[in-house]
Amino acid sequence: MHNIFLLFFFSTSYTCFENLSNELLYEIFEYLDACDIYESFSNLNNRLQSLITSSSLLLRITLCLKSSSLFENRCQHVIIPNSHRIRFLHFHDESLINTFFDHYIIDSSFHRLESIGLHDIKAEKLLTILIYLKSLPRLFSLNITIMDKSSYDLGNIYSLIFSLSSLKRNEVGTFGNKLPRIISHLTNNKFSMIEYMVIHNFFTLNQLNSLLHYTPQLRHLFCHGVIESDKKFKKNLSMKLLHLKYIGFEEVYVSFDEFKVFIKEISSQLQIFRIGTYDYKNYLDGNRWEQLIKKYMPQLKKFYFRFTQDIEDDRKTNLIDSTDGFINRFNSPFWSERKWFRELKVFCEKMIFSIFPYKKQWTDLREHINTGTNSKQNSIEDNYISNREKSDHGIIQLTIEFHGDSDLDWRFIRRLIPTIKAIQFTHLNIENESISINMLLNILRLLPHLESLKLLFMPKRLFEYLSIEHTRNHLSVPITNKMTKVKLGQVTEEQEIEFFINLFPQIEHLKVHCLLNTDVPLLMKVILTNRKTRIPNLCHLCFDFCMADENLVRTLAKIIDSETVNDNYTIQRSGNKISVHWKL
Ligand SMILES: *[C@@H]1O[C@H](CO)[C@@H](O)[C@H](O)[C@H]1NC(C)=O
Ligand SMILES: *[C@@H]1O[C@H](CO)[C@@H](O)[C@H](O)[C@H]1NC(C)=O
Ligand SMILES: *[C@@H]1O[C@H](CO)[C@@H](O)[C@H](O)[C@H]1NC(C)=O
Ligand SMILES: *[C@@H]1O[C@H](CO)[C@@H](O)[C@H](O)[C@H]1NC(C)=O
Ligand SMILES: *[C@@H]1O[C@H](CO)[C@@H](O)[C@H](O)[C@H]1NC(C)=O
């Protein structure tokens, strides 16, 4: 492969490569693996030879199973002779690690080495290697994946890692055995300089506590999971982490009270906090979170919270069915002032409640406003938007992901009815499979506060329902009157649009995703006719159509001009999206 690469580079049309300055060539080499550089460029000519052997070119080397046939050769001719120039050395295979360290050691001759990766290594081997790494003066980053079925003690491993005096980044993963490892008490007498620590493992709070005691410089901490131990968490070492800005936990399985004792010790500078938990209902108390954040996380800017509940098992659903609706306990101004949104997602027999910082939603109007129009108009529109955004603070989104088996899907929804009814959802997203129109109407009936609806697909058996009286009787008027934003996926027929126009007379914002065979001009006509009579508030319309081009924009503009008189509107295309914006 490298030879072909070479042929291209040095055939006549590519002689320009050699016209590049040394600085540029160095920069290109920085991106290449040193073994590839040596195999491709050595002994070609004096200039290249002196470039690739120059002491100012530092080398990066990644060794994986693919390279095993060349491995001996690479060790002898690239790694060992250049040990003083290697900056980055990563191994991705146990047998390569064993072969290398059976013959060589990484000692002070690798004095420029900054990053080491040892993936798929046995714990015992790792302990012996770590001892040698102490002699490296510039080792900033150490990335380890331990694959070991036998039992070992992470305490010893972390003791050695913390004794590496220049280490700033450390990532340790343990795979091959799901059980958490014993961490004996660490006995370092030195503090580590680590700033960035990632742990793919489960620890108890006491174990984490004893680790964090040695990392006073820590800025970023990710730990996969926290589990309960028979001993309650007791703060017995000082672990004031005055630089810690990021904490992430994927799975927390300890009581909120215990977790709180731990987290408040280390969160005084925290800016980003991610936490996921399963089935521990006492995390679902907005007031307690609010107190904790206000008192102990004064710098917090982004909060990502995820609570997952399995609803497969009938007995478990009761956990969540508190009559007041747990999301309502996250209803105080504290949450809306920070623009932290709430979502309940139901999918695959699971229910996930999450809180996350503001992110752009399809219901945001900003993307539909033409920034090129005159500035007075823009400021009016900006006011309109910011008024809307104020009212958006109360967004509570329900997302339901269906997977095709409607009986099954409906059984899960039914089980959640008390929860769903207790929460004032304002946004509904229906994802993946198309559901029957009956099921959609049944869901809508549970949600009298909805302002927006997003359907990824058109409902099935929609046409059986075309009698609008029938449909409206099925829903109550207040439900249909609140809905102002509607996004419809995979629309092909004008009747589909008409159905939703009839259903929601207050529509202001309509987004239509069309398929290849959709007659977009026809849809435009239908919408314009209805705008005069049924949906007078419509002010934003967007077609998402893969064949959108300037011709279509002109066609649609002509239709608007001929169907309406004195209509002030702008039309613009951005990629596949054509938006029309009427000035009210
Ligand atoms: C590029 O290098 C070749 C010889 O390596 C030389 O003949 C040619 O004039 C150089 N071109 C430029 C633009 O410097
Ligand atoms: C550590 O290695 C893993 C696996 O190669 C990689 O996904 C991860 O990004 C690395 N971490 C760091 C901090 O470089
Ligand atoms: C801290 O607590 C842990 C677990 O309870 C215990 O093993 C350790 O010895 C204690 N350390 C000190 C310094 O008291
Ligand atoms: C369902 O849709 C969501 C959002 O579009 C997507 O992320 C997810 O992968 C889909 N799942 C399946 C099973 O199609
Ligand atoms: C449209 O805008 C122009 C100027 O911006 C104004 O003079 C005119 O009255 C508007 N027409 C309607 C129907 O509002």
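Along the sequence shown, the residues carry numbers beginning at 1. Counting starts at 1 for both ligands and their atoms, following the listed order.
- Sorted by chain and number, the residues within 4.0 Å of ligand 2 by heavy atom are His92, His119, Asn143, Arg169, Glu171.
- Taking the six-membered ring where tryptophan is involved, the planes of Tyr158 and Phe162 are tilted, since the angle between them lies from 30° to 60°.
- A donor-acceptor pair is defined here as one N or O able to donate and one able to accept, closer than 3.5 Å; no such pair exists between the side chain of His200 and the backbone of Thr174.
- Relative orientation of the Trp289 and Phe303 rings is tilted, given thresholds of 30° and 60° on the angle between their planes.
- Phe191 and His213 have perpendicular rings, their planes meeting at more than 60° on a 0 to 90° scale where under 30° would count as parallel.
- Within 6.0 Å of atom NZ in Lys245, more than 12 heavy atoms from other residues, nucleotides or ligands are found, so the atom counts as buried in its surroundings.
- At least one side-chain heavy atom of Phe262 sits less than 4.5 Å from a side-chain heavy atom of Leu212.
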